[in-house]
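Have a look at the structure below before the remarks.
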Amino acid sequence: MARNITPKEKDYSQWYLDVIKAAELADYAPVRGCMVIRPDGYAVWESIMSEMDRRFKETGHVNAYFPLLIPNSFLEKEKEHVEGFAPECAVVTHAGGEELEEPLVVRPTSETVIGYMYSKWVQSWRDLPLLINQWCNVMRWEMRPRLFLRTSEFLWQEGHTAHATREEAMEETLKMLEVYRGFMEEILALPVIAGEKSEGERFPGADNTYTCEAMMSDRKALQAGTSHFLGQNFARAFEIRFQNRAGELEHAWTTSWGTSTRMIGAVIMAHSDNDGLILPPRLAPVKAVILPISTDEEKLREVILPKAREIASTLKGVLGPMAVRVDTDFHLRPADRFFRHLQKGVPLRLELGEREMEAGRVRAVRRDTAERSDIAWEAVPTEVPHLLETIQKALFDRALAFREANTRHASSFEEMKTLLENEGGFVTAFFAGDRSDEKAIKEATGATVRCFPLSDERVGTCFFTGKENAKLAIFARAY
RNA sequence: CGGGGCGUAGCGCAGUCUGGUUAGCGCGCAUGGUUCGGGACCAUGAGGUCGGAGGUUCAAAUCCUCUCGCCCCGACCA
């Protein structure tokens with residue numbers, strides 16, 4: 001048991017913070033609610049960026065960069081948008097030693113400034129679709145910041161597209177939701193439920209919002225990414241118009257979709273244990289660490305270390321140059337070196353000691369299960385990647401089994417209250433209520449509608465209003 | 001914004017009520033030694049304008065006034 005980490009059973013919030021600290025992922029910044037992402041945390045973000053960016057480009061998107069500062073008047077052009085975001089905006093009022101004529105908002109999201117630019121770039125149906133993504137930082141002055149999950153400033157990507165037809169924009173919205181789902185499940189080993197948001201949980205200014213909802217290991221829900229169908233709302237606010245083939249002027253149909261550094265928080269809370277961070281192999285910047293071990297320092301440096309480097313070199317050829325590290329912290333005792341990698345979440349530890357030198361093998365220790373196995377030197381380039389994939393799958397399966405074991409169905413409001421109170425987790429129920437019903441349920445249970453899963457088309461009687469033909473919803477307490 | 005709590009070494013705290021020699025303790029850190037395959041131990045040592053400003057006093061971490069910041073609960077919010 002790690003002595004620097006509070007067990008999650010004792011205090012889940014503290015456990016989460018302890019894991020981050022022990023893994024040196026992030027630290028608090030001097031400004032309230034802001035965090036410093038440390039090198040090992042940033043490497044995880046880089047890993048996320050490179051894989052997602054590849055998937056965005058494969059689906060036809062390109063990257064661009066829009067400015068940090070947005071004229072205040074832009075936000076006010078879309079009524080719901082400004083109502084949703086104004087309270088949490090940071091505003092620049094002075095610059096160059098003078099008060100500005102118009103205050104500038106630090107972007108909480110970029111629909112407005114991008115809408116403004118799109119109106120200039122779009123004139124003909126031939127200019128559509130416009131498929132642009134940007135990687136950047138945004139600022140939302142939240143009341144309750146938590147590292148990675150909700151920080152005042154965070155890093156994210158926001159995709160913004162404009163289309164000629166409603167159908168095409170809706171198709172894009174769902175396509176990117178599916179890109180998110182695929183990335184989260186395949187790379188983060190995070191099972192998510194793709195679904196539609198309820199009225200009360202919709203993005204300010206959107207006609208529909210879709211989400212990927214995940215369950216954390218305390219059974220609470222976390223929204224890991226959203227994709228919005230914006231209809232013609234922003235096109236009207238910013239006059240994004242084009243002439244169709246018939247020569248008529250039409251408003252474009254737009255979408256936006258985003259995922260953020262919050263996903264790092266999701267990975268931490270989905271997989272890690274009381275010893276510290278556990279990273280899924282496909283996400284982990286360092287996938288395997290090789291530890292030369294011996295009390296005979298001469299032998300260590302002259303025989304074992306060169307062999308370790310040789311194995312590392314071969315393995316790098318398979319896994320990538322940054323994915324394998326040789327631990328040369330010989331001033332630490334083996335136990336301390338084990339723990340360091342354990343807490344950093346390195347998926348696989350390969351020990352090379354005197355026993356292994358004689359036998360011509362390495363001892364592999366899995367981070368997720370602590371299982372040990374011996375791998376012959378010649379087999380390392382094939383066995384290690386295989387073992388990493390086994391770990392990847394095991395993490396996903398474990399998280400999925402956990403979610404399924406903690407998902408229950410409620411037919412009545414009483415039943416829902418009891419389930420949320422006693423069991424927690426996800427509660428499915430047929431629901432056809434409106435915004436005020438959602439509010440009443442939240443006040444009574446602390447839970448919100450997470451989504452209406454797209455994969456489940458069953459309908460039934462609403463547990464709250466009694467209406468027929470209600471869609472199946474998932475309720476849960478959420479971050 | 002309302003209620004409660006806290007600022008003393010990198011971190012966690014004691015000392016403040018009842019002012020009094022060089023402000024302590026644990027962890028961590030540095031050096032040396034013994035250890036070493038799942039968080040060792042011994043010894044030595046470095047590290048502090050006690051959140052800030054002003055005041056009372058022979059004397060302030062301690063008492064008084066002002067001020068800044070942080071945390072928790074609520075409100076608000078994704």
Side-chain angles (χ1 to χ4, degrees), chain A residues 1-6 11 13-14 17-18 21-22 24 27-34 83-89 108-109 138-146 148-152 154 156 197-198 200-204 206 209 211 213 220-226 228 258-260 262 265-266 273-276 290-297 299-300 304 327 329-344 349-359 361-367 369-372 374 438-439 442-443 446 448-451 476-479:
Chain A
M1 187 73 69
R3 62 188 178 213
N4 57 344
I5 294 177
T6 308
D11 182 344
S13 301
Q14 193 57 50
L17 295 173
D18 289 346
K21 190 177 182 197
E24 299 178 318
D27 208 345
Y28 292 102
V31 175
R32 195 200 79 102
C34 293
E83 281 172 9
F85 282 106
E88 56 193 64
C89 281
T109 178
V138 288
M139 179 157 276
R140 297 179 187 181
W141 214 258
E142 304 285 1
M143 305 299 264
R144 288 275 171 85
R146 291 195 75 189
F148 290 112
L149 298 179
R150 198 181 296 105
T151 45
S152 299
F154 56 93
W156 78 339
K197 280 286 180 190
S198 63
E201 300 285 320
R202 215 172 266 160
F203 177 77
T209 288
T211 177
E213 293 287 324
K220 280 170 82 172
L222 182 79
Q223 174 178 298
T226 46
H228 315 292
T259 57
S260 71
R262 172 182 263 200
D273 63 17
N274 286 340
D275 279 334
I290 303 179
L291 284 98
I293 302 167
S294 176
T295 49
D296 183 336
E297 203 159 320
K299 199 183 228 171
L300 185 62
I304 306 180
D327 179 321
D329 283 331
F330 301 141
H331 63 284
L332 297 175
R333 292 167 317 121
D336 292 319
R337 295 162 71 199
F338 294 159
F339 246 82
R340 177 176 289 194
H341 302 296
L342 205 63
Q343 301 212 307
K344 289 254 173 208
R349 190 171 79 231
L350 302 173
E351 299 172 13
L352 187 64
E354 299 197 26
R355 291 201 294 266
E356 288 76 21
M357 287 303 287
E358 276 171 37
R361 65 191 188 205
V362 295
R363 162 147 288 199
V365 187
R366 285 173 61 164
R367 172 63 184 88
T369 60
E371 269 177 90
R372 287 126 214 268
D374 292 313
E438 286 182 42
K439 206 176 170 196
K442 184 178 182 183
E443 273 167 21
T448 48
V449 183
R450 301 320 301 157
C451 69
R477 291 179 183 155
Y479 279 100

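Sequence lines set the chain letters: A, B, ... in the order given, protein chains first and strands last, and positions in each chain run from 1.
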Using Watson-Crick or G-U wobble geometry with both distances under 3.5 Å, which nucleotide pairs with G69(B)? C6(B)
Which nucleotide, in any strand shown, forms a Watson-Crick or G-U wobble pair with C41(B), with both distances under 3.5 Å? G33(B)
Proximal nucleotide (of [options]) relative to the [X] side chain:
| X | options | value |
| --- | --- | --- |
| Arg450(A) | G37(B), G39(B), A78(B) | A78(B) |
| Glu351(A) | G37(B), G38(B), G39(B) | G37(B) |
| Asp336(A) | G37(B), G39(B), C77(B) | G39(B) |
| Arg3(A) | C36(B), G38(B), G28(B) | G28(B) |
| Ala370(A) | G38(B), C36(B), C77(B) | G38(B) |
| Leu342(A) | G39(B), G38(B), G37(B) | G38(B) |
| Glu88(A) | C77(B), G37(B), G38(B) | C77(B) |
| Glu201(A) | A78(B), G39(B), G37(B) | A78(B) |

Once you apply a heavy-atom cut-off of 4.0 Å, does [X] come out as touching a base, just sugar-phosphate, or nothing?
| X | value |
| --- | --- |
| Gln343(A) | base |
| Pro87(A) | nothing |
| Arg349(A) | base |
| Arg372(A) | base |

Taking NZ, NE, NH1 and NH2 as the nitrogens, is one of them in Arg340(A) or Glu24(A) under 4.0 Å from a carboxylate oxygen of the other?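 So Arg340(A) does not pair with Glu24(A) through a salt bridge.
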Distance in angstrom units between [X] [atom1] and [N] [atom2], rounded:
| X | N | atom1 | atom2 | result |
| --- | --- | --- | --- | --- |
| Leu17(A) | C71(B) | CG | P | 12 Å |
| Arg340(A) | G38(B) | CZ | C1' | 15 Å |
| Arg355(A) | G37(B) | CZ | P | 10 Å |
| Lys21(A) | C27(B) | NZ | P | 16 Å |
| Asp27(A) | C70(B) | CG | C1' | 15 Å |
| Asn4(A) | G12(B) | CG | P | 14 Å |

If you find the nucleotide of RNA chain B closest to Arg363(A) and the one closest to Gln223(A), which residue's nucleotide is nearer the 5' end?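 It is Arg363(A) whose nearest nucleotide is closer to the 5' end.
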If you pin Arg366(A) and Pro145(A) to their nearest nucleotides in RNA chain B, which one's is more 5'?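 Looking at RNA chain B, the more 5' nearest nucleotide goes with Arg366(A).
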Quote, to the nearest angstrom, the [atom1] distance that separates [N] from [M].
| N | M | atom1 | value |
| --- | --- | --- | --- |
| G4(B) | C77(B) | C1' | 22 Å |
| G2(B) | C11(B) | P | 30 Å |
| A53(B) | G32(B) | C1' | 46 Å |
| U35(B) | C42(B) | C1' | 11 Å |
| A9(B) | U21(B) | C1' | 22 Å |
| U62(B) | G47(B) | P | 24 Å |
| A43(B) | C70(B) | C1' | 39 Å |
| G48(B) | C58(B) | C1' | 26 Å |

